[in-house]
Amino acid sequence: MPDPDENTPLHEQFVQVAPFDLLDEAEGAALAGAIQRVAIGAGEVIFEEGAPLDSLYIVESGSVEIRTLGDDVVSHRGPGDVMGERGLLREGRAMLTARTIEPTTLLLLEGARFRDLVDRIPEVRRWFRRSVPTEPGEDDGPYAAGLTALQVSDLMARNPVTCPASLTATEVARMMRDREISSVLVTRDDRLSGIVTVHDLTNKVLAEGLDGNRPVKGIMTPRPRTISPDSTGLDALVEMARHRINHLPVADRRGRLIGVVSKTDLIRQHASTASRMVADLVAAESATEMMRVMERLPDLLTHLVAAGAMPHAIGRRITDLADAITRRLLDLAEAELGPPPVPYLWSACGSQGRREQGGVSDQDNCLILDDSASETDDAYFAKLAQFVSDGLNAVGYVYCPGDMMATNPRWRQPRRIWQRYFSDWVAEPDTEAQMLASVMFDLRPIAGETDLFRNLQRKTLEMARKNSIFLTHMIANSLKHTPPLSLFRGFALIRSGVHKDTVDMKMSGLVPITDLGRLYALSGGIEAVNTRERIIAAGQAGVISQSGARDLTDAFDLISEFRLKHQAARIADGLRPDNFLPPGQLSELDRSHLRDAFLVVKTMQSAVGQSRIGMV
């Protein structure tokens with residue numbers, strides 16, 4: 001922010017800082033008398049974690065370090081940075097400790113006035129929206145992006161192909177063929193004057209035996225109907241049905257042509273809803289048919305993101321597809337191999353087990369067999385596992401790089417062996433045991449005899465909760481992945497290679513939270529497997545504080561949202577989705593929110609590192 005000027009009123013200095021620079025003149029002037037300037041010496045505490053907050057702080061000059069109660073430095077604040085907003089909008093208490101590094105000058109806004117601005121001013125509310133408390137489970141959003149949830153702007157083809165009215169029918173037909181499109185918009189001076197479709201060329205030229213050198217001016221539909229980009233997909237479908245047309249040009253309020261939407265686009269959207277895809281997967285007779293259904297997954301992901309579905313809702317709907325594929329492959333395997341010799345349970349772990357799949361997933365699975373299974377019976381289950389795993393790979397869920405699959409005999413065992421696995425991991429938590437426990441504690445039954453798992457999970461949780469040495473090792477394991485933060489309010493980016501200058505939103509963003517959620521579940525004997533559900537249950541059970549649970553849930557939602565939006569954007573650009581987000585492509589507001597989310601994770605990790613799981 002600009003250097004302090006003693007002659008400038010405090011409220012005018014204050015409104016030079018985002019987002020308060022968005023306030024109109026009257027709102028800014030109304031803050032006069034609610035702001036004070038405070039000078040603090042080096043090494044002094046501004047506010048302490050857990051202490052009541054009565055003001056919002058803006059650093060005018062100097063430098064401040066942000067520390068946890070365990071005295072770990074997690075961030076720095078400099079001129080123009082805001083402090084205390086999350087505490088003010090939560091329970092009125094500081095979430096962390098702020099201490100000056102050098103002589104520092106602060107501008108303080110009364111807490112009540114700050115809350116009033118958040119309540120009344122949409123721009124301020126949007127800026128701080130990630131700090132506003134929500135109840136767990138509130139506003140889950142749509143589970144599928146139907147035509148009523150999406151706007152035409154989400155469905156249309158942008159940069160539509162256009163031509164002048166003088167172009168010939170043959171030339172337009174070649175354009176359609178070469179660009180694999182079914183309509184061309186006819187323009188004059190960048191204004192829409194008509195539309196030519198494949199239907200027009202067939203019925204008005206070929207069927208009539210006319211010369212292809214005829215200008216499209218005599219073939220096109222003049223002055224075609226248009227639709228606005230903020231209309232819904234359902235509006236477009238109704239308009240097409242009413243006028244018996246298959247294409248609608250999209251024009252903004254100024255009449256500028258910005259796209260075209262076709263009935264094919266709308267039908268594809270309907271076919272891309274998760275429920276329709278699940279129905280088609282259940283009816284599939286082979287992995288090849290399932291692969292064709294899953295070709296719609298990119299559309300489903302982009303439409304769910306565009307419709308504003310909550311990240312955990314998207315994860316569940318996409319995981320529903322993996323579950324449906326797995327169950328159908330098991331049915332097909334049994335039809336080919338015959339009935340199983342003993343009861344079994346197919347379980348998933350990893351992101352499928354947690355119901356947190358996105359646009360990029362491999363497979364992690366195992367088989368739990370009835371204790372009556374013999375070595376001879378394993379030949380059947382080896383074939384069944386290979387059939388299902390090969391099918392998943394063909395559909396797009398690639399083989400696990402770590403071989404954590406039922407095709408590996410180690411992960412295809414009778415229940416008593418699984419019980420021994422878990423007992424040994426808890427009793428002797430070496431490095432391998434920590435890694436295996438981190439994967440296998442996320443098990444979720446997919447198909448088969450669920451009783452083979454139910455008591456196994458409960459007994460394992462009881463053992464883990466009572467073993468302090470095991471929990472200590474799992475705490476260490478949960479701190480191996482750290483958020484990508486530098487001390488000075490920046491991101492710690494990947495420094496070299498193909499992903500240079502990006503953040504790994506999976507390993508550095510979501511995995512640290514997943515590890516914390518698993519640790520909370522083990523500490524509290526919580527049976528939930530989904531990370532979000534584990535965090536919420538941990539808050540309710542007192543494993544962590546309610547405010548800590550809300551903070552971490554919000555951080556998980558935000559990081560997941562940025563990851564999914566990045567994947568959807570790559571799909572829209574014709575690229576394969578990945579987890580590597582370049583922060584430089586984000587707006588200042590989004591970068592600020594993402595940094596704050598990573599800071600929450602780092603703070604919760606710090607608390608775990610101080611063995612204060614239940615104090616955050």
Side-chain angles (χ1 to χ4, degrees), residues 145-148 150-272 292 295-296 298-299 302-303 306 571-575:
L147 294 180
T148 57
L150 290 172
Q151 293 183 331
V152 168
S153 58
D154 300 317
L155 300 164
M156 69 184 186
R158 300 179 183 276
N159 302 316
V161 177
T162 64
C163 73
S166 59
L167 213 62
T168 67
T170 298
E171 290 171 322
V172 171
R174 287 172 180 160
M175 291 175 68
M176 292 183 184
R177 179 199 64 190
D178 295 343
R179 304 196 186 200
E180 298 182 344
I181 55 178
S182 57
S183 68
V184 172
L185 302 182
V186 182
T187 58
R188 180 180 180 182
D189 298 329
D190 295 328
R191 307 295 291 186
L192 179 66
S193 58
I195 182 171
V196 180
T197 68
V198 170
H199 181 82
D200 293 326
L201 294 175
T202 301
N203 289 355
K204 297 179 181 179
V205 180
L206 292 178
E208 298 297 330
L210 299 179
D211 188 345
N213 290 323
R214 292 174 61 90
V216 293
K217 182 178 180 180
I219 302 168
M220 70 182 188
T221 300
R223 297 179 299 279
R225 295 180 177 277
T226 63
I227 193 167
S228 66
D230 55 0
S231 299
T232 68
L234 185 60
D235 293 333
L237 190 62
V238 170
E239 186 76 1
M240 290 179 191
R242 180 182 298 160
H243 299 286
R244 298 184 179 181
I245 57 178
N246 295 317
H247 301 80
L248 274 173
V250 183
D252 63 16
R253 293 178 181 178
R254 298 179 182 178
R256 294 182 303 177
L257 188 64
I258 59 173
V260 62
V261 63
S262 70
K263 186 175 287 186
T264 302
D265 296 326
L266 304 180
I267 292 173
R268 184 175 65 244
Q269 160 57 23
H270 173 67
S272 294
R292 295 195 189 103
E295 288 174 353
R296 308 176 207 160
D299 281 341
T302 55
H303 292 154
I571 291 170
D573 290 339
L575 303 172

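As a basis for the values below, the full set of heavy atoms in this structure was taken, side chains included, without hydrogen atoms, waters or symmetry mates. Keep in mind that what you see is a predicted model, and the values were worked out from it rather than measured.
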Does Asp573, at its CG atom, have more than 12 non-hydrogen atoms belonging to other residues, nucleotides or ligands within less than 6.0 Å?
yes
Minimal heavy-atom distance between Ser183 and His247, with the atoms involved, is OG-CD2, 3.3 Å
When rounded to the nearest 0.5 Å, the distance separating OG1 of Thr162 from CD1 of Ile195 is 12.0 Å
Ile258 and Met156 have their tightest heavy-atom pair at O-CE, 3.8 Å
Would you give me the side-chain donor-acceptor pairs under 3.5 Å for residues 163-179, sequence neighbours excluded?
from: Thr168; atom 1: OG1; to: Glu171; atom 2: N; distance (Å): 3.1
from: Thr168; atom 1: OG1; to: Glu171; atom 2: OE1; distance (Å): 3.1
from: Thr170; atom 1: OG1; to: Gly212; atom 2: O; distance (Å): 3.0
from: Glu171; atom 1: OE1; to: Thr168; atom 2: N; distance (Å): 2.9

For Ser228 and Val152 the tightest heavy-atom approach is O-CB, 3.8 Å
By side chain to side chain donor-acceptor pair (under 3.5 Å), Arg256 pairs with (sequence neighbours left out) Asp252
Does the Arg191 side chain pair with the main chain of Leu257, one donor and one acceptor, at a distance under 3.5 Å? no
Residues Val260 and Pro160: closest non-hydrogen pair is CG1-CB, 4.1 Å
Do Leu248 and Met240 have side chains that get closer than 4.5 Å, going by heavy atoms? yes
What donor-acceptor contacts under 3.5 angstrom involve side-chain atoms of residues 219-227, with partners at least two apart or in another chain?
from: Arg225; atom 1: NE; to: His243; atom 2: ND1; distance (Å): 3.2
from: Arg225; atom 1: NE; to: His243; atom 2: NE2; distance (Å): 3.3

Contact between Asn246 and Thr197 at the side-chain level, heavy atoms closer than 4.5 Å - yes or no?
no
